[in-house]
2 protein chains.
Amino acid sequence: MKMSGGVEWALHCAVVLSAADRPVPAVRLAELHDVSSSYLAKQLQALSRAGLIRAAQGHAGGYELARPADGITVLDVVEAVDGAQPAFTCTEIRQRGPLATPPEACLRPCPIARTMSVADQAWRAALRAVTVADLAQEVTGDNTDAFTVLRGWLTA
Amino acid sequence: MKMSGGVEWALHCAVVLSAADRPVPAVRLAELHDVSSSYLAKQLQALSRAGLIRAAQGHAGGYELARPADGITVLDVVEAVDGAQPAFTCTEIRQRGPLATPPEACLRPCPIARTMSVADQAWRAALRAVTVADLAQEVTGDNTDAFTVLRGWLTA
DNA sequence: GGATCGTTACTCGGATAATAAGTGTCCGAGTGAACGAGG
DNA sequence: CCTCGTTCACTCGGACACTTATTATCCGAGTAACGATCC
């Protein structure tokens, strides 16, 4: 029950990219957060494959958001990096062993799987309710010129 | 973001134990579900350490629920087997790098950690709302004598 | 006959290998921009 | 002065080792029941 550590990096990068007005290279994002650039690239590639960010190659290239920040939810980022499959997978052990339940009585998922599914959907709903734009606004808070200095550092 | 596979076994065992009227050995539970008895023992030990089930040693020993089935929630079992720590852990990368946020501005968790925490609490609340007794009742459904044949197989 | 002691078989518990996933790193393919030569 | 071709440096992308967590297994410590023995 442990989430991939790269999810945190990907979310921070998404917030930073929402403030940038031009493509930002992965190396720049890495030294901004003081993390391994090679490994951060892996997370950004996952975001790119999911269609959340767009990659621009060549000179003055980098990554930029493919959609407006208020159209990208936290769940989108989490699923892109960590996988979209639910945490719990029912192996149907009720159909095994000497007292196996007959298949005709297993048309619906077992109560355990249903309970897990409900909890999983609640978790996803909570993450779907927050967008990258919401995170960015909370990060800045009252000092609105935080984005200005960030842009200046990104372009320098 | 993957849950330990033993959680499913532990939950099924909890439901079975709620129907038993005497201690059930781990080997019996293992062959009932057709799983590795040695590995299932590890999960049962975790439940025992958490105080959910009680172990009786010696001849005619085994495991039995330490509390009434309606007093054990699904969350209790999940936390006992898979750990109680939340899936997301904030590493405070906002305090690192050239544009590090000063510590005096980090008195509260960052928005990302807050969002994850809210989602985690929603997930836990959904699991806390279901007890082992609820699962047992749903498993039996209309054929109420399912527990009778189960007890007969456990004692035989 | 009853109680006691020793034996025995059965139980859990933690310590120990094998496996899969996650983490971290590297170098090559591709691309856009900049620079210089020519018109 | 403008346009075109070439070169070049910079970018991403996927393929390759290493570490950590999960999965699976084994054998030893402890204990309750059973049976034989003694009072």
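Below, read A as the first sequence line, B as the second, and so on, with proteins coming before strands; counting in each chain starts at 1. These values consider heavy atoms only, across backbone and side chains, with no hydrogens, waters or symmetry-generated copies.
Under 4.0 angstrom from either OP1 or OP2 of C/dG14 there lies at least one side-chain N or O belonging to B/Gln45. Phosphate contact (OP1/OP2 of C/dT23, side-chain N/O of A/Tyr39, threshold under 4.0 Å): present. Contact annotation: A/Tyr63 side-chain N/O to D/dG13 OP1/OP2 distance is under 4.0 Å.
Among the protein residues, A/Ala41 comes within range of no part of the nucleic acid, since none of its heavy atoms lies under 4.0 Å from any strand. Nucleic acid contact for B/Arg49: sugar-phosphate only, since backbone atoms but no base atoms lie under 4.0 Å from a heavy atom of the residue. Nucleic acid contact class of B/Ser38 (heavy atoms, under 4.0 Å, all strands): base. Across all strands, A/Lys2 comes closer than 4.0 Å only to sugar-phosphate atoms, never to a base (heavy-atom distances). Residue contacts shown for B/Ala55 are limited to sugar-phosphate atoms, with no base heavy atom under 4.0 Å away.
Between the side chain of A/Gln57 and the base of C/dG32, no donor-acceptor pair under 3.5 Å is found.
Place B/Gly5 and A/Gly58 on DNA chain D by their nearest nucleotides, and A/Gly58 ends up nearer the 5' end.
Side-chain proximity of B/Ala26 to C/dG14, C/dC12, C/dT23: nearest is C/dC12.
Judged by distance alone, with hydrogens and angles left aside, the side-chain atoms of A/Thr131 form a donor-acceptor pair with the main-chain N or O of A/Asp134 at under 3.5 Å.
By the 6.0 Å and 45° rule, A/Arg28 stacks over the aromatic ring of A/Trp153.
The environment of CZ in A/Arg54 is sparse: at most 12 heavy-atom neighbours from other residues, nucleotides or ligands sit within 6.0 Å.
Checking B/Thr91 against A/Glu8 by side-chain atom types alone, a donor-acceptor pair falls below 3.5 Å.
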